[in-house]
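Each remark here refers to the structure printed beneath this line.
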There are 2 protein chains.
Amino acid sequence: MMRPTTKDLAKAAGVSRATVDRVLNGREGVKQKTVDKVNAAIKELGFVRNIQAANLAKSKRYRFVFALPRSGDEFLQELVRHIKDAEEAFAVDQIWCDVARIDENDPHSIAAFLASLSSEDVSGVAIMAPESPQVRDAIFRLQERGVAAVPFISDQTTMDTDWVGIDNRAAGATAAALLGRFCKAEAGAIMVIAESMQSRDSLERRLGFDAELGKSFPTLTALPSLETYGDEERAEEIITNMVKNNPDIIGIYVMSSEARVPVRILSGLPETEKLVTIGHERTPFTERALHDGRLDCVIAQNAGHLVRSAVRKLKAITDQRSTHRQQEHIRVEILLSTNL
Amino acid sequence: MMRPTTKDLAKAAGVSRATVDRVLNGREGVKQKTVDKVNAAIKELGFVRNIQAANLAKSKRYRFVFALPRSGDEFLQELVRHIKDAEEAFAVDQIWCDVARIDENDPHSIAAFLASLSSEDVSGVAIMAPESPQVRDAIFRLQERGVAAVPFISDQTTMDTDWVGIDNRAAGATAAALLGRFCKAEAGAIMVIAESMQSRDSLERRLGFDAELGKSFPTLTALPSLETYGDEERAEEIITNMVKNNPDIIGIYVMSSEARVPVRILSGLPETEKLVTIGHERTPFTERALHDGRLDCVIAQNAGHLVRSAVRKLKAITDQRSTHRQQEHIRVEILLSTNL
DNA sequence: AAATTTTTGATGCACGTGCCTCAAAATGTG
DNA sequence: CACATTTTGAGGCACGTGCATCAAAAATTT
């Protein structure tokens, strides 16, 4: 019930507390033999450094920054809200959280922002930005300077270990599985609406979607992805066209994380009223849409979990601990009107 | 970026650190006027006690006990596994977790067990047991002795504030919604299999199930609940009978948290092979069953979340903090083979 | 006003770790 | 061997809070 302390360690290893300190904090000028002795004692006693006491001694405080895109609709607001909540919840652990807005389409400015952060005043950053060489480099240099970094929701291929977000392939496959099972018709076409197919996230969702549809529902065909580019007029035009030209549409998959515009347009078209429609992310809008039937199902990643997981990961990296993968795995959630 | 300390508080309130200490820890012999002064300063500075430092000073360690039923199959094992994991993950916070097995059907022995716990060596208990007057009383006395307590998965009506578990009504409703949508037939009967309808959990699931089925799928009828009482032979007999006598069964809802026995029996009956089947809880068995199609869907409460939520709640109570409800809300998860 | 009680202040140690200084011991070099 | 260099030890202060003790001040009673 009592954890061994550095004092116990010193006694067990037959060295002084000063030497234990040197080994624990990786300082210079200790003979390999002594290092080994201490490490052996650590193992034998099952010593775990008391981080609370260490932080107290160092007056350490954590400041974590969430770098989020400047543009975005409700889902982004949800994230910001949960970051504010987390700030409160983690206050007892001496953790501060901040939001910084970055221009997602300007890798140069993102890199510049990351370069401006010093480990003096920022312990870690959660970055939501599409991958690009500049950003990847900036993240790398950030880590070299001793600032923890995790990709947040948007993935950076190079650092998949500490990634915080869902498996987008699984998300797409889940959407397909539900669409397939919800559609009563024997055969037909599925309309797929995305914001853009440039991002890895969209591509992976589409891959997962097609794979599952082909495997489990071969009588359903997915139409080519419509890209709205976040432009409302364009969205209206291409969606209306697609509906007019494809009378055999029996289901709709809104792949983008902001479902508001597409769903609003769809509910204005009488042809799509009774079609099975699936969207992404829980927001005030999608909640309402689930209730009144404009959406039949929502595939979501829990915004609160995302934020808290990012915080825990950043803290673990800062503390030089390993994270428990299992605990930090973000689930692909399925929302119906019954389980909100 | 720097939190105010008790020193700052003392200065701001115009009193000594000793008096601040008396007020913060509710000791006797302080004039009301002085108490008010200190409280005003707390508010003004936004003072938050540094729990890490306090625990260090008190050499406080947390020991939490999970009181789980003695009998149970895979789901219980999952819980135990996650408790072991949590033990590791929370070690940095000086938290120890233990499992104690109780006889769920003997309220007297449960009460005796709870009575044996003293706040000296146990900080809190998560209790998984059906409600009964004896247990309720024992929990009450436990709390009076300064031991935190939360109902765990099985609910205790009287203390719904700190309850850790899912909304079973919503779980039942979700099962109904999915069964309804997954069944391609126009009309038919749904078989419902439970371990026992004595527990509140089962009753609430059934209530939610019937409500949603009646509301959204009026052409489907739910048959009376079959109760297996955890007896394999009995289960085989009543399930087989029910299938023989109801050729119009088109879906099956296995309501109990241990789906193994019923599903095994069902897959031995040719009549039920292609029927839509929904079960509860993620276990090695249900995962396999999802993959090979014996189960179409699983409604689950995340065992890891349950455990960690219980630990955080118990810690918050012990620290005399309020918990963030939002964060601790356990979701009704929907699992398909695509989102495991 | 004196005696008593209540309230407050001053001070110091403890918790486990980080970090510093200075001296002592061990090791290596010519 | 003497000397320089590397490695280790001893000790102490700091972090923010809890918990003592003892004396001083203030309020209350007689």
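Proteins get letters first, then strands, A, B, ... in listed order; numbering begins at 1 in each.
In this structure, A:K7 atom NZ and D:dA10 atom P are separated by 13 Å, rounded to whole Å. The distance between atom NZ of A:K31 and atom C1' of D:dT8, rounded to the nearest whole Å, is 9 Å. Between the CG atom of B:L9 and the P atom of D:dG16 there is a distance of 13 Å, given to the nearest Å. For the pair A:Q52 CD and D:dG18 P, the computed distance is 15 Å after rounding to whole Å. Following rounding to the nearest Å, B:K60 (NZ) and C:dG16 (P) show an atom-to-atom distance of 15 Å. We find that NZ of B:K58 is positioned 13 Å from C1' of D:dG16, with the value rounded to whole Å. Taking atom CG of B:D21 as the reference point, atom P of C:dA14 lies 18 Å away to the nearest angstrom. Per the geometry, CG belonging to A:L56 stands 13 Å off P belonging to C:dC19, to the nearest Å.
Residue B:T34 is the one, among B:T34 and A:R49, whose nearest nucleotide of DNA chain C lies closer to the 5' end (criterion: closest heavy atom). Mapping A:A18 and A:G29 onto DNA chain D by nearest heavy atom places A:G29 closer to the 5' end of the strand. Nearest-nucleotide positions on DNA chain C for A:R17 and B:T19 put B:T19 closer to the 5' end.
For D:dG18, the OP1/OP2 oxygens have a side-chain nitrogen or oxygen of B:N25 closer than 4.0 Å. Look at A:R61 and you'll find a side-chain N or O under 4.0 angstrom from OP1 or OP2 of D:dG16. Applying the 4.0 Å criterion to OP1 and OP2 of C:dG9, one finds that B:S16 has a side-chain N or O inside that range. For B:T6 and D:dG16, the shortest distance from a side-chain N or O to OP1 or OP2 is not below 4.0 Å. For D:dG18, neither phosphate oxygen OP1 nor OP2 lies less than 4.0 angstrom from any side-chain nitrogen or oxygen of B:R22.
Comparing C:dC15, D:dG18, D:dG9 by their closest approach to the side chain of B:R27 singles out D:dG18. Of the candidate nucleotides D:dA14, D:dT17, D:dG9, D:dG9 has the atom lying nearest to any side-chain atom of A:V15.
Note on B:N50: only backbone sugar-phosphate atoms sit closer than 4.0 angstrom, heavy atoms only; bases stay farther off.
Under the 4.0 Å criterion applied to side-chain N and carboxylate O atoms, A:E78 and A:R81 are assigned as salt-bridge partners. For the pair A:E144 and A:R141, the salt-bridge criterion is not met [side-chain N within less than 4.0 Å of a carboxylate O]. A salt bridge links B:D21 with B:R27: the closest approach of a Lys/Arg side-chain nitrogen to an acidic carboxylate oxygen falls below 4.0 angstrom.
Side-chain N/O atoms of B:D93 and B:Q52 include no donor and acceptor closer than 3.5 Å. Side-chain contact of B:N25 with B:R49: a donor-acceptor pair under 3.5 Å is present, judged by distance alone.
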